[in-house]
Amino acid sequence: CSSDLLALLAGFFVTDFLKTQVPQVVCGLGLLLLVLGWFVRQYVVVTDEQRVKRVLSSMTRAVETGNLLKLEDKIAQDYTDEFGFDKSTIIGGVRQFRAQHDAVLILITELSVEIVGDEAHAVFIAKILTKAKGALSDAEMRADRFRLTFRRTDAGWKMTRAESPQLKFE
């Protein structure tokens with residue numbers, strides 16, 4: 001008699017456990033697989049070209065929002081350019097530019113990225129729309145062609161050089 005009662009109670013608790021806990025476990029496993037799939041796609045399957053494009057996009061957003069720490073993180077310590085500017089000069093220039101403008105919008109077009117070993121070259125047209133501080137409606141638009149050079153590091157791709165060499169449009 002007591003064994004029948006024990007079997008009945010055990011069956012009740014097992015059934016109750018299966019009804020309440022298994023769906024939560026399955027849901028948790030599904031969520032874990034989803035996060036793992038996202039991670040693999042973002043960090044394993046992504047090409048170097050896509051990584052460089054993401055860095056460029058991140059740099060663009062950093063300039064638009066004035067997030068100089070984010071921008072600084074994407075520029076290599078040994079950055080130089082044709083004008084003799086270094087990393088700190090570039091960051092200072094962006095700081096001064098952002099101080100003079102309420103709004104900045106950057107549109108990147110005709111982007112091409114070439115990977116050569118541990119170096120990447122991104123060539124594109126940047127259309128920059130700005131609104132000066134205190135201006136009610138006047139906006140300026142400028143378009144320039146740029147060539148940025150990136151180097152692969154342990155921390156990801158870093159910009160090592162920027163040129164705006166008045167490249168001919170192809």
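Closest approach of A162 and D81 over heavy atoms only: O-CB, 3.4 Å. The nearest pair of heavy atoms linking M159 to Y79 is CE-CE1, 3.8 Å. Closest approach of V46 to R51, counting heavy atoms only: O-NH1, 3.0 Å.
Between T80 and R161 there is a side-chain heavy-atom pair separated by less than 4.5 Å.
With hydrogens and angles disregarded, a donor-acceptor distance shorter than 3.5 Å links the side chain of T160 to the backbone of T149.
E49 meets the side chain to side chain donor-acceptor pair (under 3.5 Å) test with K53; sequence neighbours excluded. Applying the ring-ring contact (aromatic ring centres under 6.0 Å, His included) rule to F124 yields the partners F146; only residues at least two apart in sequence or on another chain are considered. Listed by chain and residue number, K87 satisfy the side chain to side chain donor-acceptor pair (under 3.5 Å) test with Q77 (two or more places apart in sequence, or in another chain). Checked against side chain to side chain donor-acceptor pair (under 3.5 Å), D86 has the following partners two or more places apart in sequence or in another chain: S88, T89.
Taking Ile, Leu, Val, Met, Phe, Trp and Tyr as members and joining any whose side-chain heavy atoms lie under 4.5 Å apart, directly or through other members, L107 forms no hydrophobic cluster with any other residue. Other residues sharing a hydrophobic cluster with M141 under the 4.5 Å side-chain heavy-atom criterion for ILVMFWY residues are L105, L129. Hydrophobic cluster membership for L69: none, as no Ile, Leu, Val, Met, Phe, Trp or Tyr side chain comes under 4.5 Å of it.
Each salt bridge (Lys or Arg N to Asp or Glu O under 4.0 Å) pair with one or both residues in residues 93-109, not counting sequence neighbours, appears once here: D102-K131, D102-K133. Residue pairs meeting the ring-ring contact (aromatic ring centres under 6.0 Å, His included) criterion with at least one member in residues 91-116, sequence neighbours excluded, are F97-H101. Under the salt bridge (Lys or Arg N to Asp or Glu O under 4.0 Å) criterion, the residue pairs touching residues 65-77 are D73-K158, with sequence neighbours excluded. For residues 59-69, every residue pair satisfying the side-chain hydrogen bond (donor to acceptor under 3.5 Å, both in side chains) rule, not counting sequence neighbours, is listed here: S57-R61. The salt bridge (Lys or Arg N to Asp or Glu O under 4.0 Å) pairs that include a residue from residues 112-123 are D118-R152, where partners are two or more places apart or lie in different chains.
V116 and V52 sit in two unconnected hydrophobic clusters of ILVMFWY residues. Membership requires side-chain heavy atoms under 4.5 Å apart, directly or through other members.
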